[in-house]
Amino acid sequence: MAGGKIRKEKPPKGAAASSPHFQGGIPFHKSKGQHILKNPLLVDSIVQKSGIKPTDIILEIGPGTGNLTKKLLEAGKSVIAVELDPRMVLELQRRFQGTPFSNRLKVIQGDVLKCDLPYFDICVANIPYQISSPLTFKLLSHRPLFRCAVIMFQREFAMRLVSQPGDTLYCRLSVNTQLLARVNHLLKVGRNNFRPPPKVDSSVVRIEPRKPLPPVNFKEWDGLVRICFNRKNKTLGAIFRQKNILSILEKNYKTLQALQLTLAGSSDDEEMAVCVSALGDTLGDMSMDIEDKDDDDLEMDEGDGKGSDFKSKVLGVLKEGGFEDKRSSKLAQADFMHLLSIFNKAGIHFS
């Protein structure tokens, strides 16, 4: 209005916090795990620590707008980028269209957990943190095996991957991952290196699949480790006195006795890959084996009546191997393998 004052309306309180973050006009969605690396020095450091060779085919998961992708294309032979968000796919294609990199970049639109991954030598990725566990075991089940993966994880998840016996965060995830791969922590990454910043810090981890894989039946291994880490700070003697555990093991024992079967490690690559992938099941709840529950909810078999003979057999195996008073939180890979071996020799199986 002429001669009047224009009244500026203030944005509602908290509007800035709820507004989407943009790069190149694309809003990022935190709910989808979209946190783009904005620190070029950090991107360079990740690529350098990856040890990429000029002949490498590189798998990148969640490339976003392509900040890391560009450096990977400069370092390797080609990049296969798997991206779920069609907006990011379009942005990635636009960014490299008409450049010398365009014929060395293949973009796959889809969910990496559902895609059939092609051959690759090395994986370098800044992934949505909610898929950390299933993705880790999908990669480790991929055949043929790749040389290494350098992945950005939520810091707590990363520290569980690399934890050793006796560490607070040592858990089933640690044991299963380290059975299949050598895992090393490379660097800690503060949340302010991302746009938008996540609520937690991150870490970059290097994962190198073991070649060959250890001679163990993975279904048996998983069954044993699940039981042991259900209460990782209790003694194995206490864990294997529980009625529900004894009941399951005795049922397996009687079934196998009736069928006169012996379990052996599978040599078939496809079946082995399925078993390896299954090791990641139910590992998403990272808090489940950090603190033990109260002793009051442990229903123990007192040894009177039916089942006491089998209980004596189980406890006899533990005593024979010197495991009765040991705790899962302190046991190394070799200990679990030895424990599984002596149980199997006694005819006691976990799958």
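The chain is numbered in sequence order, starting from 1.
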What pairs with Gln333 under side chain to side chain donor-acceptor pair (under 3.5 Å), at least two apart in sequence or on another chain? none

Pairs flagged by side chain to side chain donor-acceptor pair (under 3.5 Å) wherever residues 96-112 is involved - sequence neighbours left out: none

Residue pair Lys232 / Leu169: nearest heavy atoms and the distance that separates them: NZ-C, 4.3 Å

Name all pairs fulfilling the salt bridge (charged side-chain N to carboxylate O under 4.0 Å, His left out) condition that reach into residues 56-66, sequence neighbours left out, sorted by first residue then second. Asp56-Arg147

Enumerate the salt bridge (charged side-chain N to carboxylate O under 4.0 Å, His left out) contacts for residues 39-50, please, sequence neighbours excluded, ordered by first and then second residue. Asp44-Lys71

What pairs with Ile245 under side chain to side chain contact (heavy atoms under 4.5 Å, CB included), at least two apart in sequence or on another chain? Ile227, Ile239, Phe240, Gln242, Leu249

Give the table of side-chain donor-acceptor pairs shorter than 3.5 Å for residues 116-124, with sequence neighbours excluded, one pair per line with atom names and distance.
| unit_1 | atom_1 | unit_2 | atom_2 | d |
| --- | --- | --- | --- | --- |
| Tyr119 | OH | Asp121 | OD1 | 2.5 |
| Asp121 | OD2 | Ile57 | N | 2.8 |

By side chain to side chain donor-acceptor pair (under 3.5 Å), Gln48 pairs with (sequence neighbours left out) none

Please set out all donor-acceptor pairs under 3.5 angstrom arising from side-chain atoms of residues 314-328, sequence neighbours excluded.
| unit_1 | atom_1 | unit_2 | atom_2 | d |
| --- | --- | --- | --- | --- |
| Glu324 | OE2 | Arg241 | NH2 | 3.2 |
| Arg327 | NE | Asn233 | O | 2.8 |
| Ser328 | OG | Cys228 | O | 2.8 |

Does Arg155 have any side chain to side chain donor-acceptor pair (under 3.5 Å) partners at least two apart in sequence or in another chain, and if so, which? His185, Ser203

List for me each residue that meets ring pair (Phe, Tyr, Trp, His ring centres under 6.0 Å) alongside Phe96, sequence neighbours excluded, and say none if there are none. none

Using salt bridge (charged side-chain N to carboxylate O under 4.0 Å, His left out) as the criterion, list what pairs up with Lys138, not counting sequence neighbours. none

Side chain to side chain contact (heavy atoms under 4.5 Å, CB included) partners for Asn39, two or more places apart: Leu41, Leu42, Asn193

